[in-house]
Amino acid sequence: MDTQTQKIALITGGSRGLGRNTAESLARKGVDSVITYHSRADEAQAVVARLRAEGRKAVALQLDTGATRTFAGFVEKLKKALQDTWGRSSFDYLVNNAGISHHASFDKVTEEDLDGLYQVHFKGVFFLTQKLLPLIKDGARIVMISSGLTRIIFPGSGAYASMKGAIEILALYLAKELGPRRIAVNTVAPGAIATDFSGGMIRDKPEVNKIVSDMTALGRAGLPDDIGPMIASLLSEENRWVNAQRIEVSGGMSI
């Protein structure tokens, strides 16, 4: 395939969980990926190996999505990776997925807690996307990963969910402002998914898994394979006219 027509995705937090599943799902659709990781280079390289086994090109780059001061340097590394691997100066899909969890009742949330969530889930996404705009191809697609918690109210999740709510509003503004470049921007809001997020709470604690299953119309907690293929589908040409939408992928939680 011509390198100029080969689709390339940048997936933050692509070394584990939903980010990894998204990269693998895109690979099955013939999409190459640049994934980012925070600290576990070994996990990231294992994902790269799996993507290459699917016949795709893949690169892993270190990135702390809460450290805005490092973004200029990251962009330069990304430029080099795109040129060295694909002979390109642009990419087609951005999935803002990286994040951290947080659980505390409103009266227990500290200023440090809130600042950390803001840095990763809002400020980092805002300025990383801004820095990447010159590299994002016209006609591209952006997916913001939010959370079902912006609709489904779980006490103790207010600080985290508030940042995700801000991301949902940002996505609408980006869809409008990037419209002249034909860049579509949507939000995907997963429900409770059995991954290692939140210390593996949904995956590893049967009592929590049962609570989630009982409040879900389809009768179980979500799995990574319920989310990654959906994001890959949303990024595809078949969904080119979907724009400025919040799409919850929760199996029907709390309906």
Side-chain angles (χ1 to χ4, degrees), residues 9-23 33-41 43-44 47 60-75 77-78 93-106 108-133 135-136 142-152 154 156-174 185-193 195-202 224 227-228 231 246:
L10 171 61
I11 305 164
T12 66
S15 64
R16 58 198 295 188
L18 300 186
R20 179 181 69 194
N21 195 280
T22 298
S33 289
V34 178
I35 64 167
T36 76
Y37 65 95
H38 181 259
S39 58
R40 290 293 301 275
E43 288 184 347
V47 175
L61 297 176
Q62 195 279 331
L63 174 66
D64 179 351
T65 52
T68 54
R69 68 187 182 280
T70 68
F71 289 174
F74 171 77
V75 169
K77 291 178 183 176
L78 177 60
Y93 306 136
L94 171 61
V95 182
N96 280 310
N97 166 76
I100 55 174
S101 66
H102 179 268
H103 301 279
S105 60
F106 176 77
K108 298 294 194 301
V109 177
T110 67
E111 188 171 352
E112 183 180 16
D113 291 336
L114 196 65
D115 284 347
L117 289 165
Y118 169 72
Q119 289 284 348
V120 172
H121 286 287
F122 186 73
K123 183 179 179 181
V125 173
F126 189 107
F127 286 108
L128 180 63
T129 304
Q130 184 187 79
K131 288 281 189 185
L132 291 170
L133 280 181
L135 278 65
I136 298 174
I142 298 173
V143 170
M144 304 290 211
I145 302 301
S146 180
S147 170
L149 291 168
T150 60
R151 178 185 69 84
I152 305 159
F154 268 82
S157 299
Y160 171 84
S162 294
M163 298 304 158
K164 290 300 192 181
I167 282 298
E168 293 181 7
I169 297 300
L170 176 61
L172 295 175
Y173 275 84
L174 287 178
V185 185
N186 292 289
T187 298
V188 170
I193 309 297
T195 68
D196 59 2
F197 199 66
S198 296
M201 181 170 62
I202 308 299
I227 308 299
I231 296 171
R246 176 196 184 271

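Here the structure is a predicted model, which is why all the values come from computation and not from measurement.
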[atom1]/[X] to [atom2]/[Y] distance, rounded to the nearest 0.5 angstrom?
{"X": "I167", "Y": "F126", "atom1": "CD1", "atom2": "CZ", "answer": "9.5 Å"}
{"X": "S162", "Y": "L117", "atom1": "OG", "atom2": "CG", "answer": "9.5 Å"}
{"X": "I145", "Y": "I231", "atom1": "CD1", "atom2": "CD1", "answer": "3.5 Å"}
{"X": "T65", "Y": "H38", "atom1": "OG1", "atom2": "NE2", "answer": "7.0 Å"}
{"X": "L174", "Y": "L133", "atom1": "CG", "atom2": "CG", "answer": "7.5 Å"}
{"X": "M144", "Y": "I142", "atom1": "CE", "atom2": "CD1", "answer": "6.5 Å"}

Side chain to side chain, [X] and [Y], heavy atoms closer than 4.5 Å:
{"X": "T129", "Y": "L94", "answer": "yes"}
{"X": "L18", "Y": "P190", "answer": "yes"}
{"X": "M163", "Y": "V120", "answer": "no"}
{"X": "L170", "Y": "V185", "answer": "no"}

Ignoring hydrogens, what is the shortest heavy-atom contact between [X] and [Y]? Give both atom names and the distance.
{"X": "A72", "Y": "K131", "answer": "CB-NZ, 4.3 Å"}
{"X": "A159", "Y": "L114", "answer": "CB-CD1, 3.9 Å"}
{"X": "G124", "Y": "F71", "answer": "O-CE1, 3.4 Å"}
{"X": "A23", "Y": "I35", "answer": "CB-CG2, 4.1 Å"}
{"X": "G148", "Y": "R246", "answer": "CA-NH2, 3.9 Å"}
{"X": "S15", "Y": "Y37", "answer": "OG-CB, 3.7 Å"}

Check: Between T70 and D64, is any side-chain donor less than 3.5 angstrom from a side-chain acceptor?
Finding: no
Check: Distance only, no hydrogens: is a donor on one side chain within 3.5 Å (strictly under) of an acceptor on the other, for T187 and E168?
Finding: no
So, the side chain of [X] versus the backbone of [Y]: is there a donor-acceptor pair under 3.5 Å, distance only?
{"X": "D113", "Y": "T110", "value": "yes"}
{"X": "S147", "Y": "L149", "value": "yes"}
{"X": "S157", "Y": "Y160", "value": "no"}
{"X": "H121", "Y": "I100", "value": "yes"}
{"X": "T12", "Y": "A98", "value": "yes"}
{"X": "K77", "Y": "Q62", "value": "no"}

Next item on the list: Verify side chain to side chain contact (heavy atoms under 4.5 Å, CB included) between V34 and I11, making sure each step is shown before the conclusion.
Entry: CA-CA 6 Å; V34 178; I11 305 164; over 6 Å; no
Check: After noting the C-alpha distance and the side-chain angles of L10 and L135, does the key distance pass the side chain to side chain contact (heavy atoms under 4.5 Å, CB included) rule?
Finding: CA-CA 11 Å; L10 171 61; L135 278 65; over 6 Å; no
